[in-house]
Amino acid sequence: MDIATRLKPAHLNLLVKVAESGQLQRAAQMVGMSQPAASRILADIEERMGGPLFERHPKGMKGTALGDLCIRHAKVILEEYGALDEDARRITSGQSGRVRVGAVTGPAVGLLMPAILAVKASAPDIEMTIGVGPSTELVRGLVEGRFDFVIARIPPEYDSRDFRLQPARSEIVSLLVRPDHPLAKQKLIDLSDLNRFEWVIQEIGSPIRQAVEAAFHEKKIATPTRITNSSSLLVVLSLLESTDTIAPQSEEVAKMLADGPLGTNIVTLELADPIMVPPCFIIRNRFGQLPQAAIQLINAVFENL
């Protein structure tokens, strides 16, 4: 019996409609075929199944035991076809699927998260995987296929021609302190007033640290020497809670901590001259094809630029 290899969804649908309507002519109309074609298909199915599927009565057709069995299975199979069609449509339209994206801290907070929230509002079934880290790790992950795209800077060991790059926002560095810090209420603070304090700052070579050091060098001022090296926000918040430590962070992170709903008990210093970090890029592999869900997210990121 090779019925499974011969039946099409239209044939299964015909069986279900015959059972529902009790009339072959009406069932044929419902599935969009002629009555002779429907008769041939039903006869072929019955021959292959080894017996009649319907009893013919003057008032209509009623399923036999074999027919009821076939109809139950037909309904299940058609439901699975429908689910397959819907799931495929959701994936190809970007309403479902998976997205793997990475970003350095500032753009992750200020650019990526608003885009993710917007996409999740219209497509809650998309599964997001979000990585936050330094540019070197993010771009390595992109090259190794662990991310669909990243928001980062191109490390010097990579050739920018291997990627598709689109500029993202420039970053501004904010200096976080506790509210009762000696400089907390001072206006237009000069960098020369800062190097006598303790600092907690990202490791040597990080973009924010480089920007801070460059700002001091540009003013011909000695850089801070009393430094704790850490990229951990938990370490930063712990030190800010009980000491006069200064903590450089991206402006987006600073706003989230100082002004956001979390209500962290910190403030930002008002500098006379802002400290700027070179801009990031939205980076994707030059020859890779983004899945539809990732296209939807990257478009939402562009809308936030």
Side-chain angles (χ1 to χ4, degrees), residues 102-112 131-139 151-157 168-260 262-281:
V104 294
T105 306
V109 174
L111 188 58
L112 183 58
V132 178
S135 293
T136 300
E137 293 181 7
L138 296 172
V139 175
I151 306 175
R153 299 170 182 87
I154 293 290
E157 62 268 30
R169 298 173 181 169
S170 297
E171 288 187 89
I172 300 174
V173 177
S174 293
L175 303 183
L176 302 179
V177 296
R178 61 177 179 168
D180 53 353
H181 189 281
L183 300 179
K185 297 182 180 179
Q186 187 171 322
K187 304 295 183 181
L188 302 178
I189 299 169
D190 191 84
L191 292 180
S192 60
D193 297 325
L194 302 178
N195 54 8
R196 59 190 174 95
F197 292 98
E198 294 277 354
W199 286 62
V200 56
I201 191 168
Q202 293 89 339
E203 289 80 0
I204 292 173
S206 67
I208 287 181
R209 181 157 184 165
Q210 289 179 329
V212 169
E213 291 175 346
F216 276 88
H217 293 321
E218 186 177 345
K219 295 284 188 179
K220 296 181 171 56
I221 301 170
T223 57
T225 57
R226 298 159 61 187
I227 289 176
T228 298
N229 299 294
S230 180
S231 299
S232 168
L233 278 178
L234 291 178
V235 172
V236 169
L237 294 176
S238 178
L239 289 172
L240 292 180
E241 182 181 16
S242 57
T243 70
D244 289 334
T245 299
I246 297 173
Q249 295 288 329
S250 67
E251 185 180 46
E252 291 90 347
V253 172
K255 287 181 177 179
M256 180 185 71
L257 294 175
D259 305 324
L262 297 177
T264 310
N265 193 30
I266 57 175
V267 297
T268 59
L269 297 181
E270 183 179 324
L271 297 178
D273 299 298
I275 300 175
M276 304 294 296
V277 183
C280 291
F281 293 88

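Quick caveat, the model's predicted, so the values are computed rather than measured.
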**Study point:** V104/V132 under side chain to side chain contact (heavy atoms under 4.5 Å, CB included): CA gap, chis, key distance, verdict
**Key:** CA-CA 5 Å; V104 294; V132 178; over 6 Å; no
Review point. Between Q202 and Q249, does a side chain to side chain contact (heavy atoms under 4.5 Å, CB included) hold up when you go through it step by step?
Key: CA-CA 9 Å; Q202 293 89 339; Q249 295 288 329; 4.1 Å; yes
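- Applying the salt bridge (Lys or Arg N to Asp or Glu O under 4.0 Å) rule to K220 yields no partners; only residues at least two apart in sequence or on another chain are considered.
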Distance-only donor-acceptor hits, side chain of residues 231-246, under 3.5 Å, sequence neighbours excluded:
from, atom 1, to, atom 2, distance (Å)
S231, OG, E203, OE1, 2.7
S232, OG, L234, N, 3.2
S232, OG, V235, N, 3.3
T243, OG1, L239, O, 2.6
T243, OG1, T245, N, 3.3
T243, OG1, T245, OG1, 2.6
D244, OD1, R178, NE, 3.1
D244, OD1, R178, NH2, 3.0

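- For K219, the side chain to side chain contact (heavy atoms under 4.5 Å, CB included) partners at least two apart in sequence or on another chain are L191, I221, D273.
- Between I266 and V177 there is no side-chain heavy-atom pair separated by less than 4.5 Å.
- Residues that satisfy the side-chain hydrogen bond (donor to acceptor under 3.5 Å, both in side chains) test with S230, not counting sequence neighbours, are absent from this structure.
- Within the 4.5 Å cutoff, the side chain of I151 has heavy atoms near those of the L112 side chain.
- E198 is linked by a salt bridge (Lys or Arg N to Asp or Glu O under 4.0 Å) to R226, counting only residues two or more places apart in sequence or in another chain.
- Proximity of a side-chain donor or acceptor of W199 to a complementary backbone N or O of L194 within less than 3.5 Å is detected.
- Contact of the S135 side chain with the I154 side chain is not registered, since no non-hydrogen atoms from C-beta on lie closer than 4.5 Å.
- A 4.5 Å side-chain heavy-atom check between R153 and C280 finds at least one atom pair inside the cut-off.
- When the side chain to side chain contact (heavy atoms under 4.5 Å, CB included) test is applied to Q186, the partners found at least two apart in sequence or on another chain are L183, I189, D193.
- Contact detail for I275 and A211: the closest heavy-atom pair is CG2-O, 3.6 Å.
- Looking only at side-chain heavy atoms (C-beta outward), V200 and I227 stay at 4.5 Å or farther from each other.
- Taking 4.5 Å as the limit, every side-chain heavy atom of L188 sits out of range of all side-chain heavy atoms of L271.
- With sequence neighbours left out, N229 forms a side-chain hydrogen bond (donor to acceptor under 3.5 Å, both in side chains) with R209.
- When all heavy atoms of N195 and S192 are compared, the pair lying nearest together is OD1-O, 3.4 Å.
- Counting all heavy atoms, side chain and backbone alike, G133 lies closest to L138 at O-CD1, 3.4 Å.
- Looking at M276 and V173, their side chains never come closer than 4.5 Å, going by heavy atoms from C-beta outward.
- Residues in residues 169-194 take part in these ring pair (Phe, Tyr, Trp, His ring centres under 6.0 Å) pairs, two or more places apart or across chains: H181-F197.
- Scored by the side chain to side chain contact (heavy atoms under 4.5 Å, CB included) test, S250 finds E171, I208, E252, V253 as partners (sequence neighbours excluded).
- Minimum interatomic distance between A222 and F216 (heavy atoms only, all atoms of both residues): O-CD2, 3.4 Å.
- Across A254 and L176, no two heavy atoms sit closer than the pair CB-CD2, 3.5 Å.
- If you take CD on E270 and OG on S174, they are separated by 11.5 Å, rounding to the nearest 0.5 Å.
- At most 12 heavy atoms of other shown residues, nucleotides or ligands fall within 6.0 angstrom of atom CD in E218.
- Listed by chain and residue number, E137 satisfy the side chain to side chain contact (heavy atoms under 4.5 Å, CB included) test with P134 (two or more places apart in sequence, or in another chain).
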